[in-house]
Amino acid sequence: MNEPASPRLTHIGEDGSAQMVDVGDKSETVRIAEAEGRVRMRRETLDLIRTGDMKKGDVIGAARIAGIMAAKQTANLIPLCHPLALTKVTVEISPDEALPGLRVHATAKLTGRTGVEMEALTAVSVACLTIYDMGKAVDRGMEIEGIRVLAKSGGKSGDWRADQGGAD
């Protein structure tokens with residue numbers, strides 16, 4: 001009976017060097033990834049953001065645009081990522097009184113040969129960093145946390161959701 005192949009890092013060559021994965025033989029499929037993150041802050045900071053009273057302006061609007069722009073630049077930021085022709089990127093930012101802070105959710109989509117998890121993660125990360133940048137004048141203690149992939153679909157490995165547990 002054949003044993004399944006051992007998991008391996010796809011970006012490491014047989015000689016141990018970093019490499020870009022060849023996706024040329026993969027089938028083009030619709031691929032979607034969702035990611036999330038949070039920015040924890042003082043309640044007073046959240047109130048200023050919600051009322052639009054931050055000195056730098058509309059924090060949520062600026063962070064949304066920054067996240068979308070970042071997703072489109074992922075291959076320029078992450079060395080072994082393929083440049084992708086994204087067909088859609090959304091960034092949703094919502095207040096969460098329980099944190100207190102802001103929750104960031106991003107979705108990236110394309111029809112192509114490789115997944116868009118890195119683009120969704122980049123969108124969330126840069127949106128969170130933008131929130132920090134715009135709020136640091138009143139709250140340097142803000143914390144960025146919980147950045148992770150929530151779900152992915154498409155490709156040979158199919159669908160995966162974080163709530164299913166375990167690694168892909």
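All figures in this text were calculated on a predicted structure; none of them were measured in a lab.
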Shared hydrophobic cluster, Leu77 / Ile144 (ILVMFWY, side-chain heavy atoms < 4.5 Å):
yes

Are Leu84 and Ile78 grouped together when hydrophobic residues (ILVMFWY) are joined by side-chain heavy atoms under 4.5 angstrom apart?
yes

Please identify each residue that fulfils side chain to side chain contact (heavy atoms under 4.5 Å, CB included) with Ala63, with sequence neighbours left out.
Ile93, Ala127, Thr130, Ile131

When every non-hydrogen atom of Cys81 is compared with those of Ala75, the smallest separation belongs to O-CB, 3.7 Å

Please round to the nearest 0.5 Å and tell me the distance separating atom CZ of Arg64 and atom CE of Met69.
14.5 Å

So with a 6.0 Å cut-off around NZ of Lys136, is the heavy-atom count from everything else above 12?
yes

Taking every heavy atom of Ser125 against every heavy atom of Ile147, the minimum-distance pair comes out as OG-CD1, 3.7 Å

Would you find a donor on one side and an acceptor on the other, under 3.5 Å apart, between the side chain of Arg31 and the backbone of Gly112?
yes

For a quick test of reading the model, state the closest non-hydrogen atom pair linking Tyr132 to Met142 and the distance between them.
O-CE, 3.3 Å

Between the SG atom in Cys128 and the CZ atom in Arg40, the distance rounded to the nearest 0.5 Å is 12.0 Å

Could you report the tightest heavy-atom contact between Arg148 and Ala162, atom names first, then the distance?
NH1-CB, 3.7 Å

ILVMFWY cluster, Val91 and Leu86 together (side-chain gap under 4.5 Å):
yes

Going hydrophobic residue to hydrophobic residue with side-chain gaps under 4.5 angstrom, can you get from Leu129 over to Leu121?
yes

Excluding sequence neighbours, so at least two apart, what forms salt bridge (Lys or Arg N to Asp or Glu O under 4.0 Å) with Glu44?
Arg42

One should read off an interatomic distance between Leu99 CG and Leu46 CG, to the nearest 0.5 angstrom, of 8.5 Å

State, yes or no, whether a side-chain contact exists between Met134 and Ile49 at a heavy-atom distance under 4.5 Å.
no

Can you sort out the partners of Asp53 under side chain to side chain contact (heavy atoms under 4.5 Å, CB included), two or more places apart, ordered by chain and number?
Leu48, Thr51

Can you list, by chain and residue number, the hydrophobic cluster partners of Val126 when the side-chain cut-off is 4.5 Å?
none

same_hphob_cluster(Val39, Val138) at 4.5 Å side-chain heavy-atom cutoff:
yes

Roughly how far apart are Met118 CE and Thr74 OG1, rounded to 0.5 Å?
7.0 Å

About how many Å separate CZ of Arg161 and OG of Ser153, when rounded to the nearest 0.5 Å?
9.5 Å

Distance col, row Arg38:CZ vs Glu143:CD, nearest 0.5 angstrom, shows 10.5 Å

Show every donor-acceptor pair shorter than 3.5 Å between a side-chain atom in residues 102-110 and any protein atom, with sequence neighbours excluded, or say none if there are none.
| residue | atom | partner | partner atom | Å |
| --- | --- | --- | --- | --- |
| Arg103 | NE | Asp96 | OD2 | 2.5 |
| Arg103 | NH2 | Asp96 | OD2 | 3.1 |
| His105 | NE2 | Glu34 | OE1 | 2.8 |

In the hydrophobic clustering (ILVMFWY, side-chain contacts below 4.5 Å, transitive), which residues join Ile32, or is it alone?
Val30

